[in-house]
2 protein chains.
Amino acid sequence: MDRIDHKLLNLLQRDAARTNADLAAEVGLSPSSCLRRIRRLREGGIIDRIVAILNPAKVGRVLKAWVTVELKLHGDQHMRRFLTLATAEPAVATAHAVTGSVDVVLMLHLRDMEEFDALCERLFRDNTNVARFYTMTVIRTAKEDMTIQL
Amino acid sequence: MDRIDHKLLNLLQRDAARTNADLAAEVGLSPSSCLRRIRRLREGGIIDRIVAILNPAKVGRVLKAWVTVELKLHGDQHMRRFLTLATAEPAVATAHAVTGSVDVVLMLHLRDMEEFDALCERLFRDNTNVARFYTMTVIRTAKEDMTIQL
DNA sequence: GATTACGATGCAATATTATTGCACAAGCCC
DNA sequence: GGGCTTGTGCAATAATATTGCATCGTAATC
């Protein structure tokens, strides 16, 4: 993991559709060396996967929201059960168990408020283990990378 | 945007490194047709970009945390200024202005607590416009897709 | 109902790109 | 220095993407 690897990772996090020859030129290597480095990064699990990022608005997911959740019962079983419920929902993009004033943080990608309402019904109101939840609707997205600057 | 497009998008969100022939077989199309669909999806902006997702732990970003921020002054200028500060930080993965009990939600990818401390110093304590901030450290990640199920 | 126009499809040819074998050079340990 | 490992570039090869073209199905128009 030297300087060139870092450079490659930064480039690939921005655009992984470029040709290998292109990348090689930018980092100052021959295509074959460059390819071998990238393969090493993939096989070593440094690069977890290559994915397509969709434009949420163009596929009808215009609303984004954070929801923080307080559970009533905090045992591992109860936490696990709630997380299972949450991850099963297509609208739930991320679900994390956290420390702090709440127990779970969810990120939602929604079509409209109706979908949100339905989701709440399933996830919060029916489930007796949710003590309280706080919704934060996104007004503006200033940054949204899964990128890790190296 | 028919059934096949949806299928392609779902597959590409999971793994965009597959060969076109592979994808074509899975959705039941010839390679050429499949390729033309994918190109249309890219050119139409449905597919925003293709990126490499790194394994945070393998590049030394072992801590993940959410921080919700309350600002003192809520004008557009002040909001904008804070978001600019935040997005400039490499450790800040996402930054959103939101409605609700707080004004901004940040997602952080951190090396260690020292980095967190330094970040707080720059972003929260020095900046007089932050009234309060709440840190939620991630214990467990149950789901973390940027994927949008279609 | 026939006809036209349009878009999507598959096949085959071609162009691009990834991949591998190999020889060489740099760094490192003994 | 000698042997070892690791990374490199070049050139040949394999794999893959891309394009041109004929065809098919569908829907709109007359």
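First the proteins, then the strands, lettered A, B, ... as listed; each starts at 1.
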**Asked** Think B:S33 has a side-chain N or O under 4.0 angstrom from the OP1 or OP2 of C:dA8?
**Response** no
**Message:** Which residues in residues 1-29 of chain A have a heavy atom closer than 4.0 Å to any atom of DNA chain C?
**Reply:** A:T19, A:N20, A:A21
**Prompt:** Could you give all pairs that pass the salt bridge (charged side-chain N to carboxylate O under 4.0 Å, His left out) test and reach residues 85-110 of chain B, with sequence neighbours left out?
**Reply:** B:E89-B:R122
Just list the side-chain donor-acceptor pairs under 3.5 Å for residues 106-120 of chain A, sequence neighbours left out, or say none.
| residue | atom | partner | partner atom | Å |
| --- | --- | --- | --- | --- |
| A:D112 | OD1 | A:E114 | N | 3.2 |
| A:D112 | OD1 | A:E115 | N | 2.8 |
| A:E115 | OE1 | A:R111 | N | 2.6 |

**Residue list, salt bridge (charged side-chain N to carboxylate O under 4.0 Å, His left out) with B:K143, at least two apart or on another chain** = none
**Prompt:** Which ring pair (Phe, Tyr, Trp, His ring centres under 6.0 Å) pairs, counting each pair once, include a residue from residues 128-150 of chain A, with sequence neighbours left out?
**Reply:** A:F124-A:F133
**Divergence of helical axes at both termini of the helix from C:dG1-D:dC30 to C:dC30-D:dG1 - five pairs an end, 10° steps** = 30°
**Asked** How about A:R132: does its CZ atom have over 12 heavy atoms from other parts shown lying under 6.0 Å from it?
**Response** no
**Prompt:** Mind checking what makes salt bridge (charged side-chain N to carboxylate O under 4.0 Å, His left out) contact with A:D22, not counting sequence neighbours?
**Reply:** A:R18
**Residues that A:D2 engages under salt bridge (charged side-chain N to carboxylate O under 4.0 Å, His left out), provided they are two or more places apart** = A:R37
**Prompt:** Does anything in residues 38-63 of chain B pair up under salt bridge (charged side-chain N to carboxylate O under 4.0 Å, His left out), and if so which pairs, sequence neighbours excluded?
**Reply:** none
**Asked** Mind checking what makes salt bridge (charged side-chain N to carboxylate O under 4.0 Å, His left out) contact with B:R36, not counting sequence neighbours?
**Response** none
**Prompt:** Rounded to the nearest Å, what distance is computed from the CD1 atom of residue B:I38 to the C1' atom of nucleotide D:dT16?
**Reply:** 13 Å
**Complete:** Protein-proximity profile, nucleotides 20-28 of chain C, B/S/- by nucleotide at the 4.0 Å heavy-atom cutoff, equals BB-------
**Prompt:** Who are the side-chain hydrogen bond (donor to acceptor under 3.5 Å, both in side chains) partners of B:T147, not counting sequence neighbours?
**Reply:** B:D145
